[in-house]
Amino acid sequence: RLLSHASKAWGLAQRWQWFPQDRSNPAARHDRFAEPHRGRDLSREELGRIGAALEKEEDGAAVAAFRFCLFTGARPGEVISARWEDIDMAARTWQLKAAKTGPRAVILGQAAVEVLAGLAKSGPWVFVRPGASGVHLPSLRPLWDRVTARAKLPDDVRLYDASRHA
């Protein structure tokens with residue numbers, strides 16, 4: 001990882017003209033270790049247990065946000081900071097203005113639209129923290145910890161595996 005970071009830093013320094021263009025990148029001629037694959041795919045049985053655990057949850061906003069992650073493939077951070085002004089229910093799109101990979105539009109399938117239709121609009125945020133008007137959910141981590149315990153999932157299953165990879 002250090003070689004990757006050093007190579008990127010050197011390349012940026014050359015682009016910004018902090019170093020002469022004719023000097024070679026010192027990290028470019030070294031062998032790098034293969035990056036280990038992080039995360040894993042969940043089985044249908046594990047996804048079913050997650051669904052059953054979600055049915056027993058009382059935090060409706062967090063459950064809705066998690067389901068929206070599942071139905072859109074969006075990152076948990078993108079979902080909890082979603083704003084109503086970025087969602088066009090008629091066109092079934094969600095405009096992500098500041099996504100990790102840049103602005104993009106997410107097409108909303110029927111299941112995602114149904115999640116949104118079940119929510120009350122109480123301020124700019126789609127997924128509002130219970131009992132705190134005008135504040136979005138801070139994280140899906142507490143929900144995920146409860147769901148994994150209830151569903152008896154292995155320790156290697158991450159929130160990101162369920163929300164993005166499923």
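The analysis underlying the following values was restricted to heavy atoms, covering all of them including side chains, and did not include hydrogens, waters or symmetry mates. In this chain, residues are counted from 1 in sequence order. Keep in mind that what you see is a predicted model, and the values were worked out from it rather than measured.
Between the side chain of Arg129 and the backbone N or O of Leu137 there is no donor-acceptor pair closer than 3.5 Å. Counting only distance, with no hydrogens or angles, the side chain of Gln14 and the backbone of Ala9 share no donor-acceptor pair below 3.5 Å. No donor-acceptor pair closer than 3.5 Å links the side chain of Trp84 to the backbone N or O of Pro124.
Atom CZ of residue Arg158 and atom CG of residue Leu42 lie 10.5 Å apart, to the nearest 0.5 angstrom. Between Thr148 atom OG1 and Trp144 atom CH2 the span is 6.0 Å, to the nearest 0.5 Å. Interatomic distance, Asp86 CG to Gln95 CD, rounded to the nearest 0.5 Å: 7.5 Å. The CZ atom of Phe66 sits 5.0 Å away from the CD1 atom of Ile50 when rounded to the nearest 0.5 Å. To the nearest 0.5 angstrom, Ser43 atom OG is 7.0 Å from Arg49 atom CZ. For the atom pair NZ of Lys121 and CD1 of Ile87, the computed distance is 8.0 Å after rounding to the nearest 0.5 Å.
Residue pairs meeting the salt bridge (Lys or Arg N to Asp or Glu O under 4.0 Å) criterion with at least one partner in residues 55-65, sequence neighbours excluded, are Glu55-Arg67, Glu57-Arg146, Glu57-Arg150.
Nearest heavy-atom pair across Ser81 and Trp125 is O-CZ3, 3.4 Å. Val115 and Ala64 make their closest contact through CG1-O, 3.5 Å (heavy atoms, listed as atom of the first residue, atom of the second, distance).
Here the side chains of Val126 and Val79 are not in contact, with every heavy-atom distance at 4.5 Å or above. Looking only at side-chain heavy atoms (C-beta outward), Glu46 and Pro154 come within less than 4.5 Å of each other. Looking at heavy atoms from C-beta onward, Pro76 lies in side-chain contact with Leu159 at the 4.5 angstrom threshold.
For Gln17, the CD atom counts as loosely surrounded, since its 6.0 Å shell holds 12 or fewer non-hydrogen atoms of other residues, nucleotides or ligands. More than 12 heavy atoms of other residues, nucleotides or ligands shown are found within 6.0 angstrom of CG on Asp22.
Connection of Trp10 to Trp16 is established within a shared hydrophobic cluster, with ILVMFWY side chains joined at heavy-atom distances below 4.5 Å, either directly or through further cluster members.
Between Phe68 and Phe127, the ring planes lie tilted relative to each other; the angle falls in the 30° to 60° range.
Remark: of the listed residues Val147, Leu143, Leu140, Leu143 is the sole one forming a side-chain contact (heavy atoms from CB on, under 4.5 Å) with Val63.
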Run the side chain to side chain contact (heavy atoms under 4.5 Å, CB included) test on Leu108 and Thr93 for me, step by step, so that the C-alpha distance in whole Å, both residues' side-chain angles and the decisive distance to 0.1 Å come before the verdict. CA-CA 5 Å; Leu108 302 175; Thr93 59; 5.7 Å; no
Let's go through His136 and Val128 carefully: what are the C-alpha distance in whole Å and the side-chain angles of both, what is the deciding distance for side chain to side chain contact (heavy atoms under 4.5 Å, CB included) to 0.1 Å, and is it a yes or a no? CA-CA 4 Å; His136 70 73; Val128 180; over 6 Å; no
Does the side chain to side chain contact (heavy atoms under 4.5 Å, CB included) test come out yes or no for Phe71 and Glu114, once each step is laid out? CA-CA 10 Å; Phe71 299 144; Glu114 288 173 7; over 6 Å; no
Working for salt bridge (Lys or Arg N to Asp or Glu O under 4.0 Å), residues Glu78 and Arg104: CA-CA 12 Å; Glu78 295 168 342; Arg104 65 184 170 100; 3.0 Å; yes
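Under the rule for a side chain to side chain donor-acceptor pair (under 3.5 Å), Arg83 has no partner lying at least two apart in sequence or in another chain.
Using a cutoff of 4.0 Å between basic side-chain nitrogens and carboxylate oxygens, Arg92 and Asp88 are not scored as salt-bridged.
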